[in-house]
Amino acid sequence: MSRTVLITGATGTVSTALMKALDGAEVDLRALVREESRADGLRERGAEVVVGDLDDARSLPPAFEGVQDLWLLTPNGPRAPEHNMNAVWAARQAGVERVVRLSVVGAAHDAPNRSGRLHALSDRETERCGLRWTILRPHWFMQNLLNEAGDISATGTFSLNLASARIGMIDVRDIAECAARVLLDDPDRHHGETYTLTGPRSLTFDEVADQLGHALGRSITYLPVSDDAKRKTLLGYGVPAWIVDMLEEYARAYASGWGDLTTDTVAGLLGHPPRDLADFARDHAAAFTLRHLPSI
Ligand SMILES: NC(=O)c1ccc[n+]([C@@H]2O[C@H](COP(=O)([O-])OP(=O)(O)OC[C@H]3O[C@@H](n4cnc5c(N)ncnc54)[C@H](OP(=O)(O)O)[C@@H]3O)[C@@H](O)[C@H]2O)c1
């Protein structure tokens, strides 16, 4: 009998890639969404959709009923540990067997950023929840570069407050494939494991610009900017202050060399190396290219 996997964060970047990675596998997918209006695309993917909110513990039991495996992704924000707690408790009450949790690279009680410290709280809770568990700690997503696509397509430049940071950035598709591997393997196989997932190389943003330029066939330039300048831009786009503060903490840590690491964990799990930035750039070239507006 196939297992039912409950997907949280189902409309977001990682979980969307995970559902794609699980396409055709012998599992029943169930997606948790906050709003019924987000359900159509997920149903088209063959998922059963249940409405619930990680903010609201009382809304969760119907989504967890009959589930064997929980893919637990908590959105960034100060309430992330509460979201994890609500999901883990609902899982325990429903008799879920295994939780596979998305954490973050360097999660620790003394991490130099609030996201790493909050994830550490939820990692500890997950390790002690009494279910089988696996924790994935991915590095900086290559897909974060899509936030710069507007500037890149319009001006051939992108501005980050990351100085000359080197980062072992990873393609989200590799995170998703590792998560799928864990979920499709026997629940005992990865129980108690914490996997730090990175791309194949640690890159500076000048190197990222070169790779993007190569894929796009035009010159792309990285413009390092100050924390204050980036803060002003992000706040101007309406990014919440808590997230802006969190991103600044990461930027400072990365600029000081904190993100300069790679592991061979993805290759160990998948049996082939993770995607390079050149792969990401080639596969996403259209997103970095100005769309032609229809003439009026
Ligand atoms: N970006 C990076 O470089 C990086 C690196 C390592 C780890 N991470 C971790 O990755 C996670 C974010 O993953 P992502 O980028 O895939 O997320 P995302 O694209 O921002 O999507 C967040 C998802 O969470 C859902 N959500 C938000 N609030 C919710 C609530 N109260 N109850 C239920 N669902 C809720 C959203 O649903 P709606 O459609 O309803 O909004 C959406 O599906 C974070 O934990 C972050 O720390 C990020």
Side-chain angles (χ1 to χ4, degrees), residues 12-14 16-17 20 76 104-106 113 115 138-177 197-239 243-244 246-263 266 272-295:
T13 308
V14 180
T16 298
K20 214 168 171 185
N76 270 316
V104 70
V105 67
N113 41 67
S115 173
H139 210 324
W140 199 89
F141 300 169
M142 291 178 189
Q143 276 73 1
N144 293 340
L145 292 165
L146 294 170
N147 295 329
E148 313 306 319
D151 282 354
I152 289 172
S153 62
T155 67
T157 68
F158 63 101
S159 305
L160 297 170
N161 52 334
L162 285 157
S164 53
R166 271 190 184 281
I167 297 183
M169 55 190 73
I170 181 167
D171 192 309
V172 163
R173 292 172 294 180
D174 288 316
I175 303 169
E177 286 170 25
L197 307 176
T198 74
R201 295 192 287 150
S202 205
L203 294 168
T204 66
F205 286 88
D206 284 329
E207 291 167 339
V208 168
D210 281 350
Q211 293 288 342
L212 287 173
H214 186 72
L216 301 179
R218 61 187 287 221
S219 169
I220 305 295
T221 306
Y222 163 52
L223 303 174
V225 294
S226 68
D227 290 341
D228 281 350
K230 192 66 187 175
R231 163 176 291 276
K232 212 170 149 195
T233 305
L234 292 172
L235 290 172
Y237 283 138
V239 177
I243 299 286
V244 174
M246 178 199 79
L247 292 172
E248 187 171 305
E249 289 163 1
Y250 268 117
R252 287 188 180 169
Y254 287 141
S256 73
W258 187 77
D260 184 7
L261 70 117
T262 57
T263 67
V266 172
H272 58 77
R275 291 169 175 86
D276 204 345
L277 190 82
D279 302 310
F280 168 84
R282 187 195 57 237
D283 296 345
H284 293 82
F288 292 102
T289 306
L290 269 182
R291 283 182 200 94
H292 296 289
L293 296 172
S295 47

Heavy atoms only: give me the nearest [X]-[Y] pair and the separation to one decimal.
{"X": "I175", "Y": "P138", "answer": "CD1-CB, 3.5 Å"}
{"X": "A149", "Y": "A287", "answer": "CB-O, 3.3 Å"}
{"X": "P200", "Y": "P274", "answer": "N-CG, 3.7 Å"}

Where the side chain of [X] meets the backbone of [Y], is there a donor-acceptor pair that is under 3.5 Å apart?
{"X": "K230", "Y": "S159", "result": "yes"}
{"X": "R166", "Y": "S202", "result": "yes"}
{"X": "T198", "Y": "T263", "result": "yes"}
{"X": "T16", "Y": "T13", "result": "no"}

Are the side chains of [Y] and [X] in contact, using a 4.5 Å heavy-atom criterion?
{"X": "H139", "Y": "L197", "answer": "no"}
{"X": "N161", "Y": "Y254", "answer": "no"}
{"X": "L277", "Y": "L145", "answer": "yes"}
{"X": "N147", "Y": "F158", "answer": "no"}
{"X": "D171", "Y": "F141", "answer": "no"}

- Task: Measure up the Y250 and W258 rings against each other and bin them: parallel (under 30°), tilted (30 to 60°), perpendicular (over 60°).
- Result: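 Judged by the thresholds at 30° and 60°, the geometry between Y250 and W258 is tilted.
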- With rounding to the nearest 0.5 Å, note down the distance linking NE2 in H214 to CG in L212.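 That separation rounds to 11.5 Å.
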- Task: State the CG-CE distance between N76 and M246, to the nearest 0.5 angstrom.
- Result: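 Taking CG in N76 and CE in M246, the distance rounds to 4.0 Å.
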List the atom pairs, with distances to 0.1 Å, where a side-chain N or O of residues 216-223 and a protein N or O form a donor-acceptor pair under 3.5 Å, not counting sequence neighbours.
| unit_1 | atom_1 | unit_2 | atom_2 | d |
| --- | --- | --- | --- | --- |
| R218 | NH1 | I152 | O | 3.1 |
| R218 | NH1 | S153 | O | 3.3 |
| Y222 | OH | L160 | O | 3.4 |
| Y222 | OH | L162 | N | 3.4 |
| Y222 | OH | A163 | N | 3.1 |
| Y222 | OH | A163 | O | 2.9 |

- Task: Go through V208 and M169 one step at a time and tell me if the side-chain contact (heavy atoms from CB on, under 4.5 Å) criterion holds.
- Result: CA-CA 10 Å; V208 168; M169 55 190 73; 3.8 Å; yes
- Message: Any salt bridge linking R231 with E248? Criterion: basic side-chain nitrogen under 4.0 Å from a carboxylate oxygen.
- Response: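 Salt bridge flag = yes for E248 with R231.
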- Query: Could you walk me through whether V172 and F280 pass the side-chain contact (heavy atoms from CB on, under 4.5 Å) check?
  - Reply: CA-CA 10 Å; V172 163; F280 168 84; over 6 Å; no
- What residue pairs, at least two apart or across chains, pass salt bridge (charged side-chain N to carboxylate O under 4.0 Å, His left out) with a residue in residues 273-288?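 Residue pairs passing salt bridge (charged side-chain N to carboxylate O under 4.0 Å, His left out), neighbours aside: R173-D283, D174-R275, E177-R275, R201-D276, D279-R282.
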- Query: What pairs with D210 under side chain to side chain donor-acceptor pair (under 3.5 Å), at least two apart in sequence or on another chain?
  - Reply: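 D210: no side chain to side chain donor-acceptor pair (under 3.5 Å) contacts found.
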